[in-house]
Number of protein chains: 2
Amino acid sequence: MEPEAGAGGARASRSTRQKRALASVMAESRRFRSAQEIHEALVGRGESIGLTTVYNQLRALAEAGLVDTLRAPDGEILYRKCESNSHHHHVRCRSCGRTVEVKGVAVERWAERVAARAGFVDVDHTVEVVGTCAQCAGRHFASA
Amino acid sequence: MEPEAGAGGARASRSTRQKRALASVMAESRRFRSAQEIHEALVGRGESIGLTTVYNQLRALAEAGLVDTLRAPDGEILYRKCESNSHHHHVRCRSCGRTVEVKGVAVERWAERVAARAGFVDVDHTVEVVGTCAQCAGRHFASA
DNA sequence: CGCTTATTGAAAATCATTGCCAACAGCTTA
DNA sequence: TAAGCTGTTGGCAATGATTTTCAATAAGCG
Ligand SMILES: [Mn+2]
Ligand SMILES: [Mn+2]
Ligand SMILES: [Zn+2]
Ligand SMILES: [Zn+2]
């Protein structure tokens with residue numbers, strides 16, 4: 001019989017110039033950026049790629065867990081390719097966006113505990129820490 | 001001299017039928033709801049109030065810290081009048097929205113610690129726990 | 001080289017939220 | 001109680017990120 005017989009055999013993903021360019025740009029930034037910013041970065045680098053494609057691919061990458069996402073205060077979705085593939089959290093600079101990944105054994109346990117205490121199951125959580133990074137804080141002092 | 005002399009004396013807020021109705025509806029729900037849902041609740045209760053007004057007031061209440069807000073996965077802003085006025089976090093049911101408030105001394109410290117370790121100052125954080133509440137979990141078993 | 005179909009991307013559609021602003025209505029003062 | 005000042009209301013248009021549409025394009029395979 002044929003490989004993947006039956007209904008809905010997952011079709012192979014194709015390698016395209018656009019996907020490669022996007023992956024490249026995502027790999028080089030340590031910041032969370034919006035789809036528009038990422039598209040600008042691509043164009044600025046001389047790549048030809050549609051904004052719609054950037055949106056589509058970023059969504060696909062996010063669903064596949066290959067990029068992390070978070071909501072900016074204004075609601076925009078920001079994307080980032082993290083170094084770690086396992087569960088982690090972020091400490092992000094509200095000024096420049098620089099982000100560092102951190103493990104959170106303490107919060108993992110805390111989340112489980114308070115949820116269980118409230119009678120909740122199938123628990124999940126969102127934890128984001130935001131502040132001003134050393135570099136941005138220093139810049140402030142310099143100009144003040 | 002006149003009261004509040006000089007520029008920009010904060011004018012008094014007025015008590016209106018709409019504000020009172022909104023406050024009433026917010027006080028009776030223990031769930032996070034969107035502006036649209038809250039508007040529907042008001043209309044369903046026989047109140048006459050515009051959707052724009054609901055949006056405006058909810059935003060004002062949120063800025064004043066009188067209601068809590070959070071982003072639904074799809075980006076919608078959800079509002080809720082919490083019992084506690086001090087800093088706290090939420091354990092929310094992804095199915096029915098029921099929410100319980102919890103203190104998080106452990107996470108407060110954790111957030112400060114990891115941020116400081118990364119050289120960040122003026123630290124802030126977002127922590128939301130989501131799961132399935134006992135009632136919704138039971139309902140599942142019953143129908144399965 | 002052809003064929004199948006995943007992918008692209010311009011343009012239109014969605015939709016929550018905000019801006020606009022003239023009509024309206026609390027409150028204060030005379 | 002009446003007039004005036006101004007905070008408030010809310011229909012409607014505008015905004016803007018994200019999604020949908022879908023015809024043209026181009027991977028990858030035999
Ligand atoms: Mn965690
Ligand atoms: Mn906290
Ligand atoms: Zn910074
Ligand atoms: Zn529930």
Side-chain angles (χ1 to χ4, degrees), chain A residues 1-25 32-43 46-64 66-67 69-80, chain B residues 1-25 32-43 46-64 66-67 69-80:
Chain A
M1 62 176 78
E2 302 169 358
E4 294 301 335
R11 305 299 172 182
S13 168
R14 294 177 186 173
S15 172
T16 67
R17 172 174 55 75
Q18 292 89 333
K19 284 184 185 177
R20 265 173 272 130
L22 178 58
S24 170
V25 166
F32 270 92
R33 293 179 295 175
S34 69
Q36 315 235 14
E37 287 178 314
I38 293 168
H39 178 248
E40 281 174 30
L42 254 354
V43 172
E47 289 293 337
S48 168
I49 181 173
L51 178 57
T52 301
T53 299
V54 173
Y55 268 109
N56 287 337
Q57 287 308 324
L58 283 174
R59 177 153 44 78
L61 289 172
E63 280 172 9
L66 298 176
V67 300
T69 67
L70 79 79
R71 292 269 174 186
D74 69 354
E76 268 190 332
I77 303 177
L78 305 183
Y79 305 84
R80 178 181 194 251
Chain B
M1 63 176 81
E2 301 170 359
E4 294 301 336
R11 304 298 171 181
S13 170
R14 295 177 186 171
S15 172
T16 66
R17 172 174 54 75
Q18 293 89 335
K19 284 185 184 177
R20 266 172 272 129
L22 178 58
S24 170
V25 165
F32 271 93
R33 293 178 295 177
S34 69
Q36 316 235 12
E37 287 177 313
I38 293 168
H39 179 249
E40 281 174 30
L42 284 164
V43 173
E47 289 293 337
S48 168
I49 181 173
L51 178 58
T52 300
T53 298
V54 173
Y55 268 109
N56 286 337
Q57 287 308 324
L58 284 174
R59 178 152 44 77
L61 289 172
E63 281 172 8
L66 298 176
V67 300
T69 66
L70 79 79
R71 291 268 174 188
D74 69 353
E76 268 189 332
I77 302 177
L78 304 183
Y79 306 82
R80 177 180 194 253

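Every chain is numbered from 1, with letters handed out A, B, ... down the list of sequences. We use all heavy atoms of the structure for the numbers below, so side chains are in, but hydrogens, waters and symmetry mates are not.
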Specify the separation, in whole Å, of atom [atom1] of [X] and atom [atom2] of [N].
X	N	atom1	atom2	result
Leu22(B)	dT9(D)	CG	C1'	13 Å
Lys19(B)	dC27(C)	NZ	C1'	13 Å
Gln57(B)	dG26(C)	CD	P	14 Å
Asn56(A)	dT21(D)	CG	P	12 Å
Glu47(A)	dT7(C)	CD	C1'	16 Å
Glu63(A)	dT18(D)	CD	P	14 Å
Ile77(A)	dT18(D)	CD1	C1'	7 Å
Leu58(B)	dT9(D)	CG	C1'	15 Å

- Query: Hey, does Asp74(B) reach any base, or is it just sugar-phosphate, or nothing, if we go heavy atoms under 4.0 Å?
  - Reply: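 Nothing, no nucleic acid heavy atom in range.
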- Query: Just checking Leu51(A): base, sugar-phosphate only, or nothing, at a heavy-atom cut-off of under 4.0 Å?
  - Reply: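 Touches nothing.
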Ignoring backbone atoms, test whether [X] places a side-chain nitrogen or oxygen under 4.0 Å from the OP1 or OP2 oxygen of [N].
X	N	result
Tyr55(B)	dT17(C)	yes
Gln18(B)	dG10(D)	yes
Thr53(B)	dG10(D)	yes
Arg59(A)	dT19(D)	yes
Gln36(B)	dA16(C)	yes

- Item | Of Glu76(B) and Ile49(A), the one whose closest DNA chain C nucleotide lies more 5' | Ile49(A)
Short question: side chain of [X], backbone of [Y] - any donor-acceptor pair under 3.5 Å?
X	Y	result
His39(A)	Thr53(A)	no
Lys19(B)	Gln57(B)	no
Arg17(B)	Ser48(B)	yes

- What string of B, S and - do you get for nucleotides 25-30 of chain D, 5' to 3', if B is base contact, S is sugar-phosphate-only contact and - is no contact with any protein heavy atom under 4.0 Å? -BBS--
- Task: For residues Tyr55(A) and Gln36(A), report the shortest heavy-atom separation together with the two atoms involved.
- Result: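 Shortest heavy-atom separation between Tyr55(A) and Gln36(A) comes out as OH-NE2, 3.4 Å.
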